[in-house]
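The structure appears below as C-alpha cells.
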Amino acid sequence: MTNREVCEIFHEIAEILEILGENPFKSRAYRNAARVLENAGFDVQDLVREGRLEDVPGIGSALAAKIRELVTTGRLAYYEDLKQKAPRDVLEMLKIPGVGAKTVQVFLNHNITSLQELEAAARDQRLRELPGIGKKTEEEILRGLAAMQERQKRWLLSVASMAVKEIGGYLAGLDKAARVEVAGSYRRGRETVGDLDFVVASDDAPAVIARFVDAPWVREVVAEGDLKATVITVWGIQADLYVVAPPLFASTLHHFTGSKEHNVALRERARQHGWKISEYGIVKEEETLTPATEEEFFQLIGLSYIPPEMREDRGEIRAAERGELPRLVETGDIEGDLHVHSRASDGANTLEELAEAAMARGYRYLAVTDHSRSLAFTNGLTEERLKEQREEIDRLNREFRNFRLLAGIEVDILSDGRLDFDDRVLSQLDVVVASVHSGFRQDQETLNRRIEAALKNEHVDIIGHPTGRLISRRDPYALDVGRVLELAADTGTALEINANPDRLDLSDAYVRQGRDLGVRFAIDTDAHHVNSLDDMQYGVLTARRGWAQKQDVINTLPLDELEKWLKRHGR
DNA sequence: GCCGTTTTCGGCCCGACTGTTTTCAGTCG
C-alpha cells in the first residue's frame, strides 16, 4: 500500500462523507490527511512500522488506526461500508459542473443512483421537479454529462502557454486594463493546467469584462458577472477573468495564484494571529491593508517572499517564517544545454544551426548528444560517425569566441544493463548522457539494475529522462526512484530534468526529494529542433517547483567549472 | 476527524456567481 493508494482512498471517503451529509469538517480532515501524505517525503509503511503515524500533523488517532489497517491488511472495513452507501458511479456525479454533494444527496433521496438514471431523468424533464433544481440546472446537467470527458482534461503547459500569450496579449491591449497578469496553476508552473486564470487591474471592470467575453477566441461564455467572467476558448481550454480596482491587484493576484492549499494554510495562520486574509487585502485590527506588490503582501504577514512555484503548502510557509526559503534557480542562471540532437541522428538541424541558436539565447556552451548505434530508428551514431562528428565540432570550436560545442552522446542503456558504447569510446567524449529507450515494461528489479549500472559508470555524467514518463500518455517505468536518487547522490552523477513539456522528467516532487539528498541536476531540453531550445523555461519551472537552487544545477556553471565537474564529479 | 499562546470542547478560510429562491443555498475557485 503506497502513499498514493492511501490518498486515493481518503479522497474517496471524503467525497462519500459529503454526499452522506456528515460533518463537513470530518471530510476535510480526510482530505487534509491525504494531501499531507501526497506531499510527504516519507513512506506510510515506514511510519506504520516505526509507530510514528500520529506525529504527522493532520493525522490523529482515528486516521492513524485506519492507515494501519490499510497498510497491514490491504483493506479498510470503514471504507468498504461507505462504498456500499455511495458507489463509484454516484461519486462520478460530482464531476458534473454545478453538481456538488448537496445536489447528489437530492438525487439519492429520489432514487437516482447512477449516471444513466440521472441522464434519463434529465431527458424526461423529471429533474426539474426536484427541490432546488430547475430548468436551467437540468439543462446544465445534460450538457455536463455530454462534456464530461472533455472537461476533465488537463492541458500541457506548452499548450496552455500558447493560449496565455494570445489572451494575455489581448487583455494587455485594452485601454481600460492597467495591469494584466496570468495567475493560477499556470503561474505556479504546474506540469498540466485545468484552466487559465487572469487578473486585471482596472477602474472600469464592466468594460473589461465586456471586451473579454466578446473576444474573437471565445467559443462560449459560461459565466459573466460584475467582477469576473468565465469563457471556453476556441482552443477548448477554459479561461477565467477577475477584474479588480488597481489598489487590490496584488492581493487578488496572490489569491488567484493559489494554490488553494497554500491560501488555506496562509489564512489559517493569519486567523491565529487575529488577522484576516482575502483577495481584498489583509485585515489587522479593523484596518484593511492593501499591499502594492506581492512582496509587500508577504511582508505584511511576517513572511519573506514566496515565489509562485513554491506555493503548494509543502513547507514553504514555515520556511518563509524562518527566513529559510531557498533562492530558486532562474532561467537567467542557465549557461548552456547539455542534451540536444542534430541531424546526425533524429534531430532537424546542423551543428552550425544548433550553435547559432544556442548563442542567440546567450548560452556559453551546448552539448551535442545524438543517439547511439543501437537506436537504429533514430539513425543512431556508430563509433565511426561519432568520430567524424567530433572532428567537425573541433573545427567549429576554433571559430567560436566565448562559446563551445561539447562533444557528447545520448548513449542507450541496453535491456541487459550494458551501455551501447564501451568505456574506451565514452572516455573520449566531453559529455555522456545515458538513457533508457527500451524494455520499459521490465520489472522494478531489472530496471533499477540497469539504471544503477549506468550511475556507477564513471564516464556517465547525466541520466537522461530518468523515469521515462510521458505526461498523461505513458506512466513512468516501474522504477524505485528513491533508490536511484540516493545512488545518484552517492556517485555524484547528475539526474536530468528533461524540459520537454511532454516529459518534465524528473517531476517536481522527485526534484524536491533528490535536492534534499544532495543530488545534482541537469536541466536539458532534449531538443530535436532549434525552436525546442526554448523549452528550457519549463524545465526551470519544474526545478523551481522542486525547490532547486542554482548550485543544484550543473548547467548553471560557467564553462571552465563545468568542464572540471565533468572530469571529476565527485568520484 | 483534528487540534490547542483562545481552547481537551468548540472551533475549523473567504467571497463571487448562479439559480431558485423571495432572502438564500450550493458550488466553485
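Chain identifiers are assigned alphabetically (A, B, ...) following the order of the sequence lines, protein sequences preceding nucleic acid strands; residue numbering begins at 1 within each chain. Every heavy atom of this structure was used, including side-chain atoms; hydrogens, water molecules and symmetry mates were not.
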- Query: Has the side chain of A:Asp195 got a donor or acceptor that lies under 3.5 Å from a partner of the other kind on the base of B:dG29?
  - Reply: no

- Message: Using atom P in both nucleotides, what's the gap between B:dC2 and B:dT6 to the nearest angstrom?
- Response: 23 Å

- Nucleotide B:dC17, atom C1' - distance to CD of A:Glu140 in whole Å: 13 Å

- Message: Base, sugar-phosphate or nothing for A:Lys260? Non-hydrogen atoms, less than 4.0 Å.
- Response: base

- Please tell me which of the listed nucleotides, B:dC2, B:dG15, B:dC13, lies nearest to the side chain of A:Ser61? B:dC2

- Any ion pair linking A:Arg211 and A:Asp214 (charged N to carboxylate O, less than 4.0 Å)? no

- Working to the nearest 0.5 Å, report the span between CD1 of A:Ile16 and OG of A:Ser27. 11.5 Å

- Task: Give one of base, sugar-phosphate or nothing for A:Asp226, where a contact means two heavy atoms less than 4.0 Å apart.
- Result: sugar-phosphate

- Message: Both A:Gln272 and A:Trp275 contact DNA chain B. Taking the nearest nucleotide for each, which residue is further toward the 5' end?
- Response: A:Gln272

- Does A:Lys228 have a side-chain nitrogen or oxygen under 4.0 Å from the phosphate oxygens OP1 or OP2 of B:dG29? no

- Item | A:His255 or A:Val264, whichever maps to the more 5' nucleotide of DNA chain B | A:Val264

- Query: CG of A:Leu266 versus C1' of B:dG15: gap in Å, rounded?
  - Reply: 16 Å

- Contact summary for A:Ala543 and A:Val511, nearest pair of heavy atoms: O-CG1, 4.0 Å

- Query: Touch check for A:Ile277, heavy atoms < 4.0 angstrom, all strands: base, sugar-phosphate only, or nothing?
  - Reply: sugar-phosphate

- Looking only at side-chain atoms of A:Tyr280, point me to the closest of B:dG15, B:dC12, B:dT18. B:dG15

- Message: I'd like the C1' distance from B:dG10 over to B:dG29, given in whole Å.
- Response: 28 Å

- Task: Go through B:dG29, B:dC14, B:dC2 for me and flag the one nearest to the A:Lys276 side chain.
- Result: B:dC14

- Message: Does A:Pro57 reach a base, just sugar-phosphate, or nothing at all? Heavy atoms under 4.0 Å.
- Response: sugar-phosphate

- Message: Any carboxylate oxygen within less than 4.0 angstrom of a Lys/Arg side-chain nitrogen, looking at A:Arg123 and A:Glu119?
- Response: yes

- Message: When the C1' atoms of B:dC9 and B:dG19 are compared, how many Å lie between them, rounded to an integer?
- Response: 38 Å

- Task: From the options B:dC14, B:dG1, B:dC17, select the nucleotide whose nearest atom is closest to the side chain of A:Ser278.
- Result: B:dC14

- Query: Knowing that exactly one of A:Leu156, A:Asn500, A:Asp505 qualifies, which makes a side-chain contact (heavy atoms from CB on, under 4.5 Å) with A:Ile471?
  - Reply: A:Leu156

- Query: Salt bridge or not for A:Arg35 and A:Asp313, using N-O below 4.0 Å?
  - Reply: yes

- Task: Could you check how far CG of A:Asp240 sits from C1' of B:dC28, rounded to whole Å?
- Result: 10 Å

- Query: Which whole number of Å gives the distance between the P atom of B:dT7 and that of B:dC17?
  - Reply: 39 Å

- Touch class at under 4.0 angstrom, heavy-atom based, for A:Ile96 against every strand present: sugar-phosphate

- Message: Taking any heavy-atom pair under 4.0 Å as a contact, classify A:Ile133: base, sugar-phosphate, or nothing.
- Response: sugar-phosphate

- Item | Distance, rounded to the nearest Å, where A:Leu127 contributes CG and B:dT20 contributes C1' | 15 Å

- Between NZ of A:Lys26 and P of B:dC2 the distance, given in whole Å, is 10 Å

- If we take the P atom in both B:dT22 and B:dC28, what is their distance in whole Å? 22 Å

- Message: So A:Ala101, base contact, sugar-phosphate only, or nothing? Heavy-atom distance under 4.0 Å.
- Response: sugar-phosphate

- Message: Can you check the distance between B:dT20 and B:dA25, where both ends of the measurement are the C1' atom (answer in whole Å)?
- Response: 9 Å

- Query: To the nearest angstrom, how far is A:Phe256 atom CZ from B:dG15 atom C1'?
  - Reply: 8 Å

- Interatomic spacing from CZ in A:Phe25 to CZ in A:Arg31 - rounded to 0.5 Å: 13.0 Å

- Message: In this structure, how many angstroms lie between the C1' atom of B:dT18 and the CD atom of A:Glu139, rounded?
- Response: 14 Å

- Message: Between B:dT27 and B:dT21, how far apart are the two C1' atoms, rounded to whole Å?
- Response: 16 Å

- Query: What is the nucleic acid contact for A:Ser27, judged by heavy atoms within less than 4.0 Å: base, sugar-phosphate only, or nothing?
  - Reply: nothing

- Can you tell me the distance, in whole Å, between the CZ atom of A:Phe25 and the C1' atom of B:dC3? 13 Å

- Message: Measuring to OP1 and OP2 of B:dC13, would you say a side-chain N or O of A:Arg28 lies under 4.0 angstrom away?
- Response: yes

- Contact class for A:Tyr78 (heavy atom, under 4.0 Å): base, sugar-phosphate, or nothing? sugar-phosphate

- Taking atom C1' in both B:dG1 and B:dT5, compute the distance separating them and give it to the nearest angstrom. 24 Å

- Output for pair (A:Cys7 SG, A:Glu12 CD), nearest 0.5 Å, gives 13.0 Å

- Quick note, A:Arg271 side chain, CB onward, closest among B:dC2, B:dG29, B:dC13 is B:dC13

- Go through B:dG19, B:dA16, B:dT27 for me and flag the one nearest to the A:Lys136 side chain. B:dG19

- Base, sugar-phosphate, or nothing: which does A:Thr230 touch, judged by heavy atoms less than 4.0 Å apart? nothing

- pair_partner(B:dT8), Watson-Crick or wobble, both distances < 3.5 Å, evaluates to none

- Side-chain atoms of A:Thr137 come closest, of B:dT20, B:dG1, B:dC13, to B:dT20

